[in-house]
Amino acid sequence: MLDSKLRFFLQRCVVLEQAKQVHAQLVVNRYNHLEPILVHQTLHFTKEFSRNIVTYVKRILKGFNGHDSFSWGCLVRFLSQHRKFKETVDVYIDMHNSGIPPSSHAVTSVLRACGKMENMVDGKPIHAQALKNGLCGCVYVQTGLVGLYSRLGYIELAKKAFDDIAEKNTVSWNSLLHGYLESGELDEARRVFDKIPEKDAVSWNLIISSYAKKGDMGNACSLFSAMPLKSPASWNILIGGYVNCREMKLARTYFDAMPQKNGVSWITMISGYTKLGDVQSAEELFRLMSKKDKLVYDAMIACYTQNGKPKDALKLFAQMLERNSYVQPDEITLSSVVSANSQLGNTSFGTWVESYITEHGIKIDDLLSTSLIDLYMKGGDFAKAFKMFSNLNKKDTVSYSAMIMGCGINGMATEANSLFTAMIEKKIPPNVVTFTGLLSAYSHSGLVQEGYKCFNSMKDHNLEPSADHYGIMVDMLGRAGRLEEAYELIKSMPMQPNAGVWGALLLASGLHNNVEFGEIACSHCVKLETDPTGYLSHLAMIYSSVGRWDDARTVRDSIKEKKLCKTLGCSWVEGSYH
DNA sequence: GTAGGGTTAG
């Protein structure tokens, strides 16, 4: 009697607190045999991932009724479904070490987790163990094996596991299809696709997605048209394909035509506009979206930071905290927010983030670390930055560049150089940003020879110097008084020199009271910028410094004539090219 | 088994 009553309550346990209350009742009444149902219900109805539930369930599993294979399986599946792959494997191993035989659910889930993490080390023994436990006759487990081997590129093993399946279902076929697509065998994949007896949306989506990823939108589009029942994912794949080709017009056409847009559709479009720098269109979509979730906030905040609008990013971050108090920002949100603060020079923000991170138990991953490294370097907290850098799981081009850039800003040429040497030794390819940092480090230290060597070595890494790199070189040569050389370098540029480049020459001309180059540089700057006030007053200053008062006055008068505000010019000189 | 959010410069 009480048994069925409890079961009734259990099925309505959708919140952890309720589950805890019912569980207390179970224990008091010694109905522990119902614990597995409680575990199952609690995990099954949990939509948002919560660490509290995991902790709670783990406690149950360690307790009186912990020898239940079913409950362990539920937890393994829960973790895998919420993309906590590392933990999935950990709990599975924990289960194994506790002497619990695995359920087919547990094995299927842990295989998926291994696949996602590309973890063959654990995957192989799990396969062997499943065999030993007689689980390899189960379609789900067998299909899981196909999925694991497919994802890891062992297409022969995947094929073998597939052939062993007595009654293949569509998921089994799709896993194999995935394997051929993953290993780049598109023709064989196509043959498998054609052989699938009952193609479902995933079968179609897999093959369409592989064309879209390759940028072959012709094939992607015609398959999409041929697809009988399109799922939202099909539309999103097509939209994503056009976004990757920067065909926002076409992406928008499909987006507008899509019958049931979901969060993914909106985010795909917003991030597409982000990459093209079309903040306005991104904003427009963001405003139109009715139910904004955390992910779309993340996308829009990133849009602002990536397009040099850090203030807007922070405003939106504040809004996100206000309006969605139940949504916690995570390491992804924070990496953008840290970047925004760094752009604004709010170097003290690091302290706030640190306490926020510890308070909310947010894990610091490599990407968040990289943005913090950038922040610390700009704030002059080198010890912290270097420590964080050495603690990275995997150092890449971006993190090295952040460090080198920081050294560049702070004139630490020696450190920049040794970081650069280290990354080359580790075969991490430098990019244009790396060289911006390195060059500015040499420039700030007046190491002209080193700077030249570095500039010329860019081509060895298949990199073309950009106008910005030329700008730093001109600045470096100019500061060293080698104006003629700087001018020659500008004339040799394969692209149109920008205002920054000429501005650097103008600045150097002022430093060395050189009228000739000052005039040349200024004339170009005036042509390139809408507000020439700053450049002109700088030229006037050069005239004055060599005693050409009349010329200085003429230039100043011309500024007045244009009724332009002189104070603007002063701010340009102060904030001029470094 | 398919689709979405992040880090370095200017």
Side-chain angles (χ1 to χ4, degrees), chain A residues 108 112 115-116 140 143-144 146-148 150-151 169-179 181-182 196 200-210 212-213 231-241 243 261-272 274 293-303 305-308 329-340 342-343 365-375 377-378 392 396-406 408-409 430-437 439-440 466-469 471-472 498 500 577-578:
Chain A
T108 311
R112 176 177 121 90
K116 293 272 185 189
Y140 297 104
T143 301
V146 177
L148 172 76
S150 286
R151 194 170 264 278
N169 60 28
T170 303
V171 180
S172 321
W173 280 99
N174 289 344
S175 300
L176 185 70
L177 173 63
H178 188 193
L181 292 172
E182 196 74 355
I196 302 178
D200 67 357
V202 175
S203 326
W204 286 90
N205 290 346
L206 273 167
I207 200 141
I208 294 174
S209 154
S210 80
K213 270 190 200 122
S231 71
S234 327
W235 289 86
N236 290 335
I237 290 164
L238 206 69
I239 293 170
V243 163
K261 304 181 207 357
N262 59 22
V264 179
S265 331
W266 292 86
I267 290 172
T268 307
M269 289 299 294
I270 289 174
S271 69
T274 298
D293 64 359
K294 177 192 162 298
L295 265 61
V296 76
Y297 269 97
D298 284 349
M300 197 60 220
I301 292 172
C303 175
T305 47
Q306 283 172 28
N307 287 289
D330 63 4
E331 64 275 11
I332 294 180
T333 324
L334 289 181
S335 56
S336 287
V337 173
V338 169
S339 164
S342 172
Q343 285 175 36
D365 66 4
D366 284 359
L367 269 79
L368 178 54
S369 293
T370 304
S371 53
L372 280 168
I373 286 170
D374 167 61
L375 188 76
M377 285 303 278
K378 278 192 186 138
L392 286 173
D396 64 358
T397 303
V398 179
S399 47
Y400 264 105
S401 302
M403 287 295 290
I404 292 174
M405 202 68 216
I409 292 165
N431 65 12
V432 286
V433 185
T434 324
F435 277 96
T436 303
L439 283 174
S440 69
S466 70
D468 290 338
H469 295 109
I472 302 170
N498 59 26
Y577 208 95
H578 57 268

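Any value given below was found using the heavy atoms of this structure, including those in side chains, with hydrogens, waters and symmetry copies removed. Computed from a predicted model, the values in this text were never measured in an experiment. So you know, we letter chains A, B, ... as the sequences are listed, proteins then strands, and number each from 1.
Taking a pair as Watson-Crick or G-U wobble with both distances under 3.5 Å, DNA chain B contains no run of three or more consecutive pairs.
Side chains of A:D374 and A:S371: no donor on one and acceptor on the other come within 3.5 Å.
Within 4.0 Å (heavy atoms only), A:T305 reaches sugar-phosphate atoms of the nucleic acid but no base atom. Heavy atoms of A:D330 sit under 4.0 angstrom from at least one base atom. Among the atoms of the strands shown, only primed sugar atoms or phosphate atoms (P, OP1, OP2) are found under 4.0 Å from some heavy atom of A:Q306. Within 4.0 Å of A:K378, counting heavy atoms only, lie sugar-phosphate atoms of the nucleic acid but no base atom.
Donor-acceptor pairing under 3.5 Å, judged by distance alone, is absent between the side chain of A:N262 and the base of B:dG4. Interface remark: the A:D365 side chain does form a donor-acceptor pair with the B:dG6 base, using a distance-only criterion of under 3.5 Å. A:T370 contributes a side-chain N or O that forms a donor-acceptor pair with the base of B:dT7 under 3.5 Å. For a distance-only test at 3.5 Å, the side chain of A:S175 fails to qualify as a donor-acceptor partner of the base of B:dG1.
For A:T436, taking side-chain heavy atoms from C-beta onward, the closest of the listed nucleotides B:dA9, B:dA3, B:dG4 is B:dA9. Here B:dT8 is the nucleotide among B:dG1, B:dT8, B:dT2 with the atom lying nearest to any side-chain atom of A:D374. The A:M405 side chain lies nearest to B:dA9 when the options are B:dA9, B:dT7, B:dG1. The nucleotide whose nearest atom lies closest to any side-chain atom of A:S401 is, among B:dT7, B:dG1, B:dT8, B:dT8. Of the candidate nucleotides B:dT8, B:dG4, B:dG6, B:dG4 has the atom lying nearest to any side-chain atom of A:L295.
Rounded to whole Å, the distance from CG on A:L367 to C1' on B:dG6 is 5 Å. Atom CG in A:N236 sits about 15 Å away from atom P in B:dT2, given to the nearest Å.
Under the side chain to side chain donor-acceptor pair (under 3.5 Å) criterion, A:T436 pairs with A:H469, sequence neighbours left out. Taking A:T397 as the reference, nothing meets the side chain to side chain donor-acceptor pair (under 3.5 Å) condition, with sequence neighbours excluded.
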